[in-house]
Amino acid sequence: PGEPLRITEKIHGANGRYVYTNGRMYCGSRNHWMKQVDDNLWWRALAQTPGLEPLCRENPTICFYGEVLGCQSLRYGMAPGCYRVLLFDAFGTYKPGQWCDIDDLAPRELQVPVIESEFPYSPESLPSFADGVSLILGANHIREGIVVRPVGGPRFHPEVGRVQLKLVSNQYLEKS
């Protein structure tokens with residue numbers, strides 16, 4: 001109780017990862033690297049997200065993780081065929097073999113929205129942050145939920161691994 005937490009909006013999209021290494025850009029889903037073809041969602045999202053590839057090139061061997069907007073039922077104001085990536089994590093040589101603080105690397109406009117940057121942990125109050133409208137400019141719908149992490153970078157627990165929590169909105173669950 002009282003530990004400062006960072007609360008960000010949970011995005012309803014397609015998980016993606018992006019890295020520039022060995023003179024080449026790579027991107028893929030959560031589990032698979034993808035070939036660069038015109039109809040691939042992750043490559044299209046990369047091409048349609050200004051600043052993402054330059055960020056990757058400026059930080060070679062750091063893998064950026066994000067969510068592709070515009071490909072699920074919550075569209076975030078995206079027209080059909082339009083996509084954008086918002087980042088939520090980074091892993092790589094910035095701190096070798098460790099998760100990095102995304103705020104140290106990516107500009108705010110490329111990151112998921114922050115709801116609270118230093119909220120004192122209270123289990124009773126977290127659900128109230130999960131419900132509500134999306135903070136993404138152009139979205140005219142509810143948010144899917146929240147992601148909660150300790151302030152000051154990743155923390156690990158021997159039984160659960162990296163300490164973070166995803167809390168899905170009751171409004172979203174009722175709609176589904």
Side-chain angles (χ1 to χ4, degrees), residues 1-18 27-32 41-42 44-46 48-52 63-91 99-157 159-176:
E3 178 180 10
L5 301 176
R6 176 185 172 104
I7 302 173
T8 57
E9 183 172 344
K10 182 178 183 326
I11 307 299
H12 185 57
N15 189 287
R17 53 191 171 151
Y18 301 86
C27 72
S29 68
R30 183 170 147 191
N31 297 316
H32 298 94
L41 172 66
W42 293 272
R44 288 177 70 188
L46 173 66
Q48 294 178 32
T49 304
L52 180 53
C63 187
F64 290 94
Y65 292 83
E67 205 70 23
V68 176
L69 282 69
C71 61
Q72 297 285 353
S73 60
L74 299 181
R75 299 207 37 90
Y76 300 96
M78 306 296 292
C82 294
Y83 307 102
R84 184 171 58 139
V85 178
L86 289 179
L87 302 173
F88 57 79
D89 233 334
F91 183 87
W99 293 98
C100 309
D101 187 345
I102 193 72
D103 285 336
D104 291 342
L105 298 165
R108 283 284 339 128
E109 63 269 12
L110 284 177
Q111 295 182 43
V112 296
V114 175
I115 297 169
E116 288 283 340
S117 57
E118 291 197 30
F119 183 80
Y121 174 62
S122 162
E124 305 82 34
S125 60
L126 285 182
S128 67
F129 290 105
D131 290 331
V133 297
S134 174
L135 297 178
I136 295 173
L137 188 63
N140 59 353
H141 50 68
I142 61 173
R143 68 176 67 124
E144 184 188 9
I146 58 173
V147 178
V148 180
R149 309 171 179 207
V151 169
R155 182 163 57 82
F156 292 85
H157 185 278
E159 292 178 21
V160 297
R162 192 161 57 137
V163 176
Q164 61 182 18
L165 165 78
K166 293 179 185 179
L167 184 59
V168 176
S169 158
N170 285 326
Q171 293 171 329
Y172 175 78
L173 292 172
E174 289 168 2
K175 188 175 180 177
S176 303

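When reading the values below, keep in mind they use all heavy atoms of this one structure, side chains included, and skip hydrogens, waters and symmetry mates.
Applying the side chain to side chain donor-acceptor pair (under 3.5 Å) test to Arg75 and every residue at least two apart in sequence or in another chain returns nothing. Listed by chain and residue number, nothing satisfies the side chain to side chain donor-acceptor pair (under 3.5 Å) test with Ser128 (two or more places apart in sequence, or in another chain). Scored by the side chain to side chain donor-acceptor pair (under 3.5 Å) test, Thr8 finds no partners at all (sequence neighbours excluded). Residues meeting the side-chain contact (heavy atoms from CB on, under 4.5 Å) test with Val133, sequence neighbours left out: none. Arg108 meets the side-chain contact (heavy atoms from CB on, under 4.5 Å) test with Arg6, Asp103, Gln111, Val114; sequence neighbours excluded. With sequence neighbours excluded, the residues satisfying salt bridge (Lys or Arg N to Asp or Glu O under 4.0 Å) with Glu3 are Arg155. Listed by chain and number, the residues in a salt bridge (Lys or Arg N to Asp or Glu O under 4.0 Å) with Glu67 amount to none (sequence neighbours excluded). Phe119 meets the ring-ring contact (aromatic ring centres under 6.0 Å, His included) test with Phe129; sequence neighbours excluded. Partners of Phe64 according to the ring-ring contact (aromatic ring centres under 6.0 Å, His included) rule, which considers only residues two or more places apart in sequence or in another chain, do not exist here. Arg44 is linked by a side-chain contact (heavy atoms from CB on, under 4.5 Å) to Gln48, Tyr83, counting only residues two or more places apart in sequence or in another chain.
Looking only at distances, a side-chain donor or acceptor of Thr49 sits under 3.5 Å from a matching main-chain atom of Val85. At distances below 3.5 Å, not a single donor-acceptor pair connects side-chain atoms of Trp99 with backbone N or O atoms of Arg162. Gln164 places no side-chain N or O within donor-acceptor distance of the main-chain N or O of Val147, the cut-off being under 3.5 Å. Under a 3.5 Å cut-off, the side chain of Glu9 and the backbone N or O of Leu135 do form a donor-acceptor pair.
A salt bridge (charged side-chain N to carboxylate O under 4.0 Å, His left out) check over residues 124-145, counting only residues at least two apart or in different chains, returns the pairs Lys10-Glu144.
The two residues Val151 and Leu5 make their nearest non-hydrogen contact at CG2-C, 3.6 Å. Residues Cys63 and Arg17 approach most closely at SG-CB, 3.7 Å, considering heavy atoms. When all heavy atoms are compared, the tightest approach of Leu86 to Pro113 is CD1-CD, 4.3 Å. The two atoms that bring Ala45 and Val68 nearest to each other are CB-CG1, 3.7 Å, heavy atoms only. For the residue pair Tyr18 and Gly16, the shortest heavy atom distance occurs at CE1-C, 3.9 Å. Contact between Ala130 and Ile146 at its shortest, heavy atoms only, is CA-CG2, 3.7 Å.
Expressed to the nearest 0.5 Å, how far CD1 of Ile142 lies from OG of Ser134 amounts to 10.0 Å. The CG atom of Leu167 sits 13.5 Å away from atom OH of Tyr172, with the distance rounded to the nearest 0.5 Å. How far CD1 of Ile136 is from CG of Leu74: 9.5 Å, rounded to the nearest 0.5 Å. To the nearest 0.5 angstrom, Cys100 atom SG is 8.0 Å from Asp104 atom CG. Here the NZ atom belonging to Lys175 is positioned 6.5 Å from the OG atom belonging to Ser73, to the nearest 0.5 angstrom.
For the pair Tyr76 and His141, the minimum side-chain heavy-atom distance is below 4.5 Å. Inter-residue side-chain proximity for Leu46 and Arg84 is flagged as unmet; no heavy-atom pair is nearer than 4.5 Å. Considering only heavy atoms from C-beta on, Leu52 comes within 4.5 Å of Leu87 through its side chain. For the pair Ile11/Leu69, a side-chain contact is recorded, criterion being any heavy-atom separation below 4.5 Å from C-beta on.
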Next item on the list: I would like to know whether Leu126 and Leu165 meet side chain to side chain contact (heavy atoms under 4.5 Å, CB included); could you show each step before the answer?
Entry: CA-CA 10 Å; Leu126 285 182; Leu165 165 78; 3.9 Å; yes

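In this structure, Phe88 and Tyr65 have tilted ring planes: the angle between them lies in the 30° to 60° band.
Note on Asp89 versus Arg149: salt bridge recorded, some NZ/NE/NH1/NH2 to OD/OE distance being below 4.0 Å.
Residue His32 places its NE2 atom among 12 or fewer non-hydrogen atoms of other residues, nucleotides or ligands, all under 6.0 Å distant.
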